[in-house]
There are 6 protein chains.
Amino acid sequence: MTNPIPQDRYSRGLARLTEVDGAAGEAVIAAMADIAPDLGKAIIEFAFGEIYTRPGLSLRDRELATIAALTALGTATPQLKVHLHGGLNVGLTREEIVETILQMAVYAGFPAALNGMFAAKEVFAAREVAV
Amino acid sequence: MTNPIPQDRYSRGLARLTEVDGAAGEAVIAAMADIAPDLGKAIIEFAFGEIYTRPGLSLRDRELATIAALTALGTATPQLKVHLHGGLNVGLTREEIVETILQMAVYAGFPAALNGMFAAKEVFAAREVAV
Amino acid sequence: MTNPIPQDRYSRGLARLTEVDGAAGEAVIAAMADIAPDLGKAIIEFAFGEIYTRPGLSLRDRELATIAALTALGTATPQLKVHLHGGLNVGLTREEIVETILQMAVYAGFPAALNGMFAAKEVFAAREVAV
Amino acid sequence: MTNPIPQDRYSRGLARLTEVDGAAGEAVIAAMADIAPDLGKAIIEFAFGEIYTRPGLSLRDRELATIAALTALGTATPQLKVHLHGGLNVGLTREEIVETILQMAVYAGFPAALNGMFAAKEVFAAREVAV
Amino acid sequence: MTNPIPQDRYSRGLARLTEVDGAAGEAVIAAMADIAPDLGKAIIEFAFGEIYTRPGLSLRDRELATIAALTALGTATPQLKVHLHGGLNVGLTREEIVETILQMAVYAGFPAALNGMFAAKEVFAAREVAV
Amino acid sequence: MTNPIPQDRYSRGLARLTEVDGAAGEAVIAAMADIAPDLGKAIIEFAFGEIYTRPGLSLRDRELATIAALTALGTATPQLKVHLHGGLNVGLTREEIVETILQMAVYAGFPAALNGMFAAKEVFAAREVAV
């Protein structure tokens with residue numbers, strides 16, 4: 001019931017965002033700076049500062065859930081790619097990610113799984129190049 | 001590339017369905033018997049016999065992914081309830097389920113998270129009564 | 001490029017609505033009368049008077065398309081039921097309807113197909129009773 | 001860039017929630033108390049304390065936007081009803097609400113508009129009774 | 001209950017389309033000319049001639065509702081951009097648009113809000129260049 | 001209740017995939033080979049080997065249903081294009097396809113119909129060039 005003071009939420013959220021999404025996450029925040037800086041701030045403070053720092057579910061599990069949901073929804077390819085990087089950054093293996101996306105064929109249909117897999121293919125390739 | 005013969009897919013899938021979803025899963029298959037038995041058969045053979053028996057992702061992780069996706073989609077409350085039972089049956093804790101649903105507020109909005117939480121509340125209560 | 005005068009759109013649409021959806025369609029229009037009569041009028045004039053009266057696709061095919069779409073979307077169960085009646089009214093067989101809904105498992109996932117099949121089961125049963 | 005301290009977010013959000021949604025909003029928070037109190041807290045602090053208290057868009061406009069979005073999504077009927085009450089509470093007229101829902105036929109189809117209108121019909125009737 | 005004759009619906013709708021969406025709206029109609037001219041005609045006659053000319057909700061409010069809905073749906077980026085122009089054309093301020101999109105984070109999740117904001121950023125920049 | 005042995009499902013599915021989708025379908029399977037070959041295999045064995053080979057609904061009707069559903073969903077443009085080719089390959093006329101997409105304006109809104117029509121326009125043009 002006790003809350004940290006806001007400065008803590010922001011810096012804790014920014015640390016978590018950087019830990020999970022790396023440069024890709026920071027780029028999203030930066031892209032919002034000239035049009036809606038408070039959307040970037042809410043992503044840092046609420047999504048990463050409040051939700052992704054909660055105990056009770058590991059970061060790895062959180063990314064698994066996010067990859068599943070964004071693959072199923074099929075409306076957020078850029079954010080799915082950020083979290084495919086994020087999942088790999090916090091310990092998901094490529095095999096686990098591929099299995100998660102494949103399973104979405106059961107719950108959201110084969111087009112959703114295919115489009116998720118194309119996003120994964122692109123992210124995996126980008127990380128090969130980056131090495 | 002080698003496949004088991006179909007009888008194997010069916011019995012393996014049925015075993016997996018029973019392991020994960022228990023009576024609730026079998027009730028869904030039974031409800032299809034007089035209108036579309038092959039939909040029930042496909043759920044057993046494909047969803048459970050082919051996907052849920054794959055290595056590379058634990059059953060517990062598969063249920064986590066499914067709960068995340070169905071909460072985010074918001075169009076499949078009966079199936080979400082089946083998999084809330086399923087998740088608890090294969091090792092997810094209530095806390096992990098609550099965290100997964102809560103996190104969907106970030107990716108699919110607060111109404112999706114609220115409706116998922118109401119489903120969880122109903123399932124958790126049903127299991128108290130059943131004890 | 002020439003249009004019928006509006007009275008024609010309305011009466012032509014009403015005739016088509018009655019032909020396709022029977023009493024269920026008229027009940028929807030009636031239910032709008034005290035809150036948004038113009039929504040009912042638009043359904044009659046635009047949906048049924050302009051679209052469902054077009055040449056180039058049979059009524060039977062139009063209902064097939066609608067049943068597929070509403071099953072896949074998963075957000076319009078009451079309207080799906082109206083069009084399950086409608087499809088049977090204009091010549092689709094139960095087998096064709098069941099096949100259409102089953103196929104949606106491929107494009108929108110098994111929960112969408114299951115929920116569509118439950119709606120079909122209810123509509124088929126209602127027509128047995130009505131005989 | 002300066003934030004109020006968290007206690008302020010909570011009490012400011014609770015005041016705003018009560019102002020907009022009245023008892024219905026508080027009932028949602030209460031329903032979360034035994035399963036996910038932090039979801040209720042996030043709705044109060046983030047949705048109402050941070051977003052609904054922002055300058056730049058009137059409360060009436062915020063409810064208009066929410067009614068439009070929830071009608072179009074079609075996956076959140078309980079929350080749509082809460083915000084139909086909310087819209088009326090902060091100055092939207094019934095006519096404006098009916099027009100907003102009707103317009104969603106253009107962007108999300110007639111079933112979405114019909115289901116939104118059925119929700120409005122129920123809410124309007126409940127307020128007659130309550131008087 | 002009295003309707004204008006169809007020619008009126010068309011010219012009234014075209015005038016409204018031009019007033020709201022300007023060249024972008026007309027370009028959409030033109031793009032349909034060789035494949036489905038009647039889709040363009042229905043947009044003019046029904047969407048703009050019948051809905052957008054109704055009393056009871058201002059044009060500015062209609063665009064606010066449309067921007068909210070299309071941001072939340074996340075499946076219609078080209079149409080969202082047309083209506084971001086439209087909203088600015090009929091009196092919404094950039095701040096009001098940004099607030100509307102930001103609020104969609106609450107109802108459809110942060111990815112929907114982010115993608116809506118990227119569309120707004122592109123539209124705002126295009127209008128700077130055009131000046 | 002008797003099933004063909006798995007090799008049969010695969011070769012029967014591949015033949016059906018080739019018949020319906022031609023080179024575009026095979027390209028999708030090939031694209032999965034290095035990341036998730038079993039997704040390609042499931043599309044061949046389950047979607048095409050089990051569903052598209054069922055009696056009770058013609059191939060032409062199956063493509064009509066798929067085009068309707070993917071247009072309405074609005075989240076699977078690449079797959080819609082494959083099935084626009086597929087529909088033409090198995091006997092749908094351009095007029096029937098245009099009518100099906102147009103009708104989706106009624107059930108999923110004008111943006112869905114517009115985006116489906118843009119996909120059809122692109123596919124029709126590609127087939128002109130290919131002749």
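Keep in mind it's a predicted model, so treat the numbers as computed, not measured. To find a chain, count down the sequence lines: A is the first, B the second, and so on, and within it residues start at 1.
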**Q** Taking the side chain from B/Gln103 and the backbone from A/Arg62, do they hold a donor-acceptor pair closer than 3.5 Å?
**A**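 Present.
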**Q** Pick one of side chain, backbone, both or neither for B/Arg94, based on which atoms fall under 4.5 Å of a heavy atom in chain A.
**A**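 It is neither, since no heavy atom gets under 4.5 Å.
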**Q** Using side-chain heavy atoms (C-beta onward) and a distance below 4.5 Å, is B/Glu99 in contact with A/Asp61?
**A**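 They are not in side-chain contact.
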**Q** Flag the pair A/Glu50 / B/Val106 as yes when at least one side-chain heavy-atom distance between them is below 4.5 Å, and no otherwise.
**A**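 A side-chain contact is absent here, since even the closest heavy-atom pair is not under 4.5 Å.
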**Q** Pull out the residues in residues 71-90 of chain A that come under 4.5 Å of chain B, heavy atom to heavy atom, sorted by number.
**A**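 A/Ala72, A/Leu73, A/His83 fall under the 4.5 Å cut-off.
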**Q** Output the option from B/Ala47, B/Gly56, B/Ala68, B/Pro55 having the highest count of non-hydrogen pairs under 4.5 Å with chain A.
**A**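 It is B/Gly56.
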**Q** Out of B/Thr93, B/Leu70, B/Ile67, B/Thr66, which one racks up the most heavy-atom pairs below 4.5 Å with chain A?
**A**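 Between B/Thr93, B/Leu70, B/Ile67, B/Thr66, the count favours B/Thr66.
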**Q** Measuring from atom CG of A/Leu57 to atom CD of B/Glu95, what distance do you get when rounded to the nearest 0.5 angstrom?
**A**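 So the gap between those two atoms works out to 8.5 Å.
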**Q** Evaluate the side-chain proximity of A/Ile51 to B/Met104: yes if any heavy-atom separation is below 4.5 Å, no if none is.
**A**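 Contact flag for B/Met104/A/Ile51 side chains = no.
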**Q** For the residue pair A/Phe46 and B/Phe110, does the interplanar ring angle fall in the parallel (under 30°), tilted (30 to 60°) or perpendicular (over 60°) class?
**A**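 The rings of A/Phe46 and B/Phe110 sit tilted, inter-plane angle from 30° to 60°.
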